[in-house]
Amino acid sequence: MAATPWVLLLFALAWRSEAVFTSPHQIKLQNNEYSDVLVAIHRDIPEDLRIVDRLKEILTKASEDLYIATNSRAFLKEVKILIPKTWSKKPEYQPAGTETFERANVRVDVPNALYGDNPYVQQKGGCGEAGDYMHLTPKYVLDKQYGEAYWGPNGKTFVHEWAHLRWGLFDEYGQDDPAGQSYPHFYSGSLGGVQPTRCSAWVAGTNKHMVTGAPCQLDPVTGVYGPECRFYPDEQTNRATGSYMFMHFLNQVTSFCHSDPSGDPLSYHNREAPNKHNSLCGGQSAWGVMDRHPDFANGANPPREVQSTVPDFVLLQENDYRIVLVLDASNSMRGEPLRRLGQVATRFIRSTVGFGASVGLVKFARHASIDHPVISVDSQADRDALIATIPTTTVLYTCIGCGLLKGVEALEAVGPPEGGVLLLVTDGRETTAPRIRDVIPELLRKRVIVATVAYSQNADATLESLAQQTGGPSFYAARRDSAALDNAFTATFEATAGGKGVKLLNEERTIAGGQTYTNHVHVDSSVGQNTTFSFYWLGGSRPTVTMETPVGHVITEGSPMYDVTSDTITVEIPGMAPPGKWAYNISNPGPDDHDVITIITSYPPTDGEPIRVKAQVSAVSLNYSSSQPTALRIFASVRRGYLPVTGAVVKVHIAKPPDGRVEELLLLDNGAGADVTKNDGIYSRYFLGFSADGRYGVSVTVDNSQGDAAGYTVIQRRAGSGAMPMDPDAGGSSVQQEPLQQFQRMTTGGVFEVQGVPSGGVPTVDVLPPSRVTDLAVVDVSHADATVTLRWTASGDDFDQGGPANFVELRYGRHFDQLADDFLGSPLVDQSQVLQGNLTSPPPPGHVQTVNIRVPERGHNVTFAFSLRMCDDQDNCSPPSNIVTSNLEHIAQPIKANNTVTWVIIGCVVGVAVLAAILILLYFTVCRAKKQIKPADSIHPAPTNGNTSYARTV
Ligand SMILES: *[C@@H]1O[C@H](CO)[C@@H](O)[C@H](O)[C@H]1NC(C)=O
Ligand SMILES: *[C@@H]1O[C@H](CO)[C@@H](O)[C@H](O)[C@H]1NC(C)=O
Ligand SMILES: *[C@@H]1O[C@H](CO)[C@@H](O)[C@H](O)[C@H]1NC(C)=O
Ligand SMILES: *[C@@H]1O[C@H](CO)[C@@H](O)[C@H](O)[C@H]1NC(C)=O
Ligand SMILES: *[C@@H]1O[C@H](CO)[C@@H](O)[C@H](O)[C@H]1NC(C)=O
């Protein structure tokens with residue numbers, strides 16, 4: 001099979017925006033039955049009911065295969081298929097409630113250019129953690145023959161992906177990822193000789209050169225087979241039954257690898273294989289991880305005979321978008337908090353909500369009232385009418401339950417409430433019944449989504465749990481933080497409505513009397529449509545704004561696009577704003593200090609996708625004292641459509657209790673520490689700086705506007721957790737780097753709540769170890785020098801941060817098992833063995849460290865295994881890293897096929913020089929004849945550029 005031309009299609013593909021990270025739909029497993037599995041079709045996929053029929057077929061088969069693969073412990077019992085609202089309505093479709101495309105477990109959407117039609121799962125968490133979603137393309141779903149020809153039976157492919165999605169397993173095959181982290185296809189095994197990376201070790205097949213089909217040759221640099229060698233399974237002789245995470249498509253493969261010595265040896269786990277699964281799961285088998293998952297832990301869901309594994313399918317259809325603002329107007333909101341809320345709500349109604357969305361407004365204090373019914377916003381007058389009802393006065397007492405019930409009532413006035421969104425903003429605690437907990441059953445019954453904004457540390461503690469239970473996002477904004485409040489409103493819209501707007505900048509500045517504040521923003525060409533600059537102030541005299549466009553035009557008071565109201569200046573750039581630097585000055589003419597809030601938003605061109613940032617925290621509530629050490633992970637994805645943007649400067653700002661002090665952290669996409677996959681456009685970091693109990697507000701900025709733009713790239717590649725194509729040579733992957741313009745983005749990462757932090761803050765003694773290294777790799781081996789070069793990404797003093805760790809404890813063994821089973825008892829590499837590099841002065845976290853070390857032995861069958869841990873100055877050490885092996889035998893320089901060609905060419909050139917004109921004719925004859933027997937170019941198209949490599953995985 002030839003390399004598929006996905007890469008060439010890149011810019012012809014429809015772009016697709018990924019919504020903000022939202023908590024995925026909760027799948028349940030009870031009594032061996034998975035229910036509430038949500039499969040959704042994107043609204044831009046043209047109506048084709050065969051997609052629904054084929055989904056039913058695929059999932060029915062998958063359920064049967066899953067039942068077998070889990071030893072009769074689980075199958076799909078209930079699957080909901082969400083039909084987009086763009087498809088025609090049918091009586092058998094039920095209205096969707098909290099089921100949205102953004103929360104779907106399985107999405108059917110245009111291809112991710114990195115994967116083409118190859119099914120894959122986005123996994124940003126570590127071993128054992130659920131993935132975000134499984135992605136199938138319409139072509140994969142519709143064209144059974146095509147899908148099965150490439151990736152094997154639909155049902156089994158789905159089960160492979162399910163294992164990524166549900167149990168957090170990783171692939172057990174080698175993979176090439178020129179932009180990220182590669183995993184070798186071969187390794188030097190303790191059974192002797194070079195082994196293919198596989199699970200189980202009993203999968204039968206042969207190792208062959210991908211292009212020529214010749215036997216593989218050892219590469220003296222790596223000690224294993226060269227880069228174009230692959231393992232080709234042999235269906236005829238294979239008896240191995242595992243594993244689904246390796247070659248799920250083999251007939252005999254019906255199970256996951258396990259590590260039970262008394263189990264089936266043909267699916268026994270191969271912990272030596274240097275694949276992603278072993279690296280991230282510390283050598284545990286697939287079942288080893290599954291047995292710890294709540295689905296199966298402690299014998300949960302024991303094997304059960306069932307009559308049928310055929311799932312029930314429920315067809316749901318998306319509703320039109322409806323949102324009700326449920327705003328607190330109790331006394332605690334009086335004055336500035338209410339004014340700030342009013343400004344943010346006004347901007348939301350005026351610029352965030354697109355025409356056609358339905359909006360209503362409820363306020364609550366002691367009682368609640370529908371101050372504006374839900375209407376479809378179709379005109380400026382509709383917006384003005386809504387804005388006029390934003391509360392400006394306050395009353396005693398707080399009845400949040402009243403507000404929520406009124407919100408449901410407002411939705412019910414215009415139709416079934418299912419899927420409607422209530423955006424609840426409150427700063428206080430409930431004083432009056434019904435309380436939140438009293439109305440939750442009603443909210444769940446009516447299947448509305450509640451997004452919550454805690455507008456002060458003191459806001460009711462149940463807000464986050466309310467949002468979680470109803471599938472909504474939750475946010476925190478300190479009382480004087482309009483930027484956070486505005487982010488919460490826009491992120492809610494993005495998460496629930498799939499809004500297209502992008503926030504470039506959002507900040508609040510205090511400008512002293514008579515002073516001018518100068519700043520700028522970079523507008524990139526992935527946005528530019530309807531670019532709006534908004535400036536708000538809170539009382540006092542009106543500031544003036546002067547702007548200069550990238551082409552040198554000045555916009556200021558009096559310009560046609562400069563609009564002033566009582567507390568806002570809005571500058572709307574008509575059409576497409578030219579990309580580049582937009583400078584602005586805000587002057588405060590009055591005598592007193594002024595707080596001015598600047599918000600800059602823009603939309604992508606009609607047929608384009610913007611670069612978008614979305615952020616999320618790994619947990620919404622944490623108990624500091626329940627587990628040591630406590631760490632939270634913060635993720636931000638920076639992507640254009642599905643394509644990762646790499647090399648961006650992504651910072652997270654965490655507003656911490658008790659005083660709102662902001663801690664700033666740089667997020668990294670380096671495949672180390674909290675980051676699972678390098679260069680996938682998901683930037684991650686641990687957060688360790690707990691200061692007190694309370695709410696921590698998270699916002700994220702991406703700012704590549706400083707300095708040199710050369711390093712900012714979009715990389716198109718294929719790798720990660722996709723299903724393995726059956727043909728090892730199927731699908732070349734290509735890395736292309738598209739330089740990006742300078743760009744800026746801002747978003748919120750929501751809120752997390754922490755309890756149990758010792759009063760007076762966390763102890764200052766260093767108890768946190770560096771994080772585990774998962775990317776240890778052998779770079780080269782030298783038989784001649786008896787040396788091995790190793791490389792890894794350093795962790796820090798505390799997890800992946802702080803200063804550098806204190807030292808690296810690198811250990812080795814002649815046998816894999818020796819090192820794996822007794823790390824601390826294995827010989828230590830000491831500095832005298834180190835020829836290059838330094839084990840006692842590791843670089844700062846996130847930096848790559850390389851050492852070249854001398855080994856005590858070399859020769860035939862001499863293999864060394866290596867593993868390391870990093871330790872800090874308090875001797876807190878990480879768990880041992882992944883284990884790598886190296887082959888120290890003598891390897892002759894291989895005779896390369898193209899060497900012959902080289903010699904012929906040289907021969908030809910010499911011949912021409914010596915024999916001149918006489919041999920010209922012969923020269924052409926020989927050289928042309930040689931060219932024609934070059935390896936089958938026509939079967940395997942040549943790489944399109946120097947960076948191309950062959951990825952068998954996706
Ligand atoms: C090398 O390993 C192979 C396979 O295990 C074995 O047959 C052979 O005897 C070994 N050779 C030496 C010199 O140990
Ligand atoms: C951009 O503004 C125009 C004019 O106000 C409006 O008609 C259009 O819908 C806006 N586009 C977006 C994407 O908001
Ligand atoms: C902003 O103010 C600075 C200093 O007064 C001035 O040099 C600059 O031209 C001004 N920029 C704009 C866009 O008005
Ligand atoms: C936190 O964990 C500790 C220790 O397990 C427990 O005593 C405490 O009750 C927990 N606190 C909360 C709020 O759950
Ligand atoms: C390694 O680094 C440590 C600390 O910087 C230094 O004292 C030591 O001399 C270095 N060792 C070598 C061999 O360079």
Side-chain angles (χ1 to χ4, degrees), residues 437 457 460-465 468 505 509 511-523 531 533 535 543-559 561-562 569 571 573 577-578 580-589 596 598 600 619-632 657 690 692-696 705 752-759 762-763 767 787 789-790 794 796-797 803-810 828-844 847 849-854 868 870-873:
R437 64 162 186 273
Q457 276 293 350
D460 205 274
T462 44
L463 288 176
E464 287 77 16
S465 127
Q468 233 179 358
L505 188 140
R509 287 281 161 172
I511 304 170
Q515 297 295 303
T516 294
Y517 170 66
T518 299
N519 199 2
H520 62 260
V521 68
H522 280 92
V523 176
T531 306
F533 295 75
F535 305 90
T544 51
V545 173
T546 311
M547 293 177 49
E548 191 180 335
T549 73
V551 291
H553 294 150
V554 173
I555 301 168
T556 189
E557 215 162 323
S559 304
M561 54 202 89
Y562 191 98
I569 294 169
V571 178
I573 312 300
K581 177 175 166 180
W582 291 69
Y584 57 89
N585 286 347
I586 310 170
S587 304
N588 174 8
V596 180
T598 306
I600 304 168
V620 172
S621 58
L622 279 161
N623 182 347
Y624 185 86
S625 53
S626 65
S627 64
Q628 282 285 6
T630 300
L632 182 96
F690 302 100
D693 282 5
R695 292 186 164 100
Y696 292 67
S705 67
F752 61 92
E753 252 185 315
V754 184
Q755 289 171 353
V757 177
S759 56
V762 299
V767 292
T787 60
T789 306
L790 298 167
D797 186 281
N806 194 33
F807 62 95
V808 179
E809 192 178 298
L810 175 62
L828 200 59
V829 173
D830 64 39
Q831 193 63 37
S832 72
Q833 284 168 272
V834 178
L835 303 179
Q836 261 170 42
N838 190 334
L839 295 172
T840 54
S841 64
H847 288 238
Q849 186 168 12
T850 306
V851 293
N852 178 250
I853 54 173
R854 177 157 283 143
L868 61 82
M870 300 194 67
C871 303
D872 68 16
D873 51 5

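The structure presented is a predicted model; accordingly, all values stated were derived computationally and were not measured. Note that ligands are numbered from 1 as they come in the structure, with each ligand's atoms numbered from 1 the same way. Along the sequence shown, the residues carry numbers beginning at 1.
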Is a side-chain donor-acceptor pair under 3.5 Å present for Thr850 with Asn852? no
Can Leu505 and Asn519 be said to form a side chain to side chain contact (heavy atoms under 4.5 Å, CB included), step by step? CA-CA 11 Å; Leu505 188 140; Asn519 199 2; 4.1 Å; yes
Describe, in one word, how the ring planes of Tyr624 and Phe690 are oriented to each other, choosing from parallel (under 30°), tilted (30 to 60°) and perpendicular (over 60°). perpendicular
Report the member of Val754, Asn623, Leu622, Asp693 with the shortest heavy-atom distance to atom 2 (O) of ligand 4. Asn623
Return a yes/no value: protein heavy atom under 4.0 Å from atom 4 (C) of ligand 3? no
Would you check, one step at a time, whether the test side chain to side chain contact (heavy atoms under 4.5 Å, CB included) holds for Ile853 with Leu810? CA-CA 10 Å; Ile853 54 173; Leu810 175 62; 4.1 Å; yes
Which atoms of ligand 5 have any heavy atom of Thr840 under 4.0 Å away? 1 (C), 2 (O), 3 (C)
Does the side chain of Thr544 reach to within under 4.5 Å of the side chain of Ser587, using non-hydrogen atoms? yes
I'd like to check which ligand 3 atoms, numbered from 1 as shown, lie under 4.0 Å from a non-hydrogen atom of Thr546. 13 (C), 14 (O)
Give me the nearest non-hydrogen protein atom to atom 11 (N) of ligand 5 as residue plus atom name, then the distance to 0.1 Å. Asn838 ND2, 3.0 Å
If you scan the protein for heavy atoms around atom 9 (O) of ligand 3, do you find one that is closer than 4.0 Å? no
Enumerated ligand 5 atoms positioned under 4.0 Å from heavy atoms of Gln831: 13 (C)
Quick note on ligand 3: atoms under 4.0 Å from a heavy atom of Glu548 include exactly 13 (C)
I'd like to know if the side chain of Ser621 and the backbone of Val754 have a donor-acceptor N/O pair within less than 3.5 Å. no
With atoms numbered from 1 as shown, which atoms in ligand 4 lie under 4.0 angstrom from a non-hydrogen atom of Ser625? 1 (C), 2 (O), 3 (C), 4 (C)
For Ile573 and Trp582: C-alpha separation, side-chain torsions, deciding distance, then whether side chain to side chain contact (heavy atoms under 4.5 Å, CB included) applies. CA-CA 11 Å; Ile573 312 300; Trp582 291 69; 3.6 Å; yes
Please work out, at 4.0 Å between heavy atoms, whether the side chain, the backbone, both, or neither of Asn585 comes within that distance of ligand 3. side chain
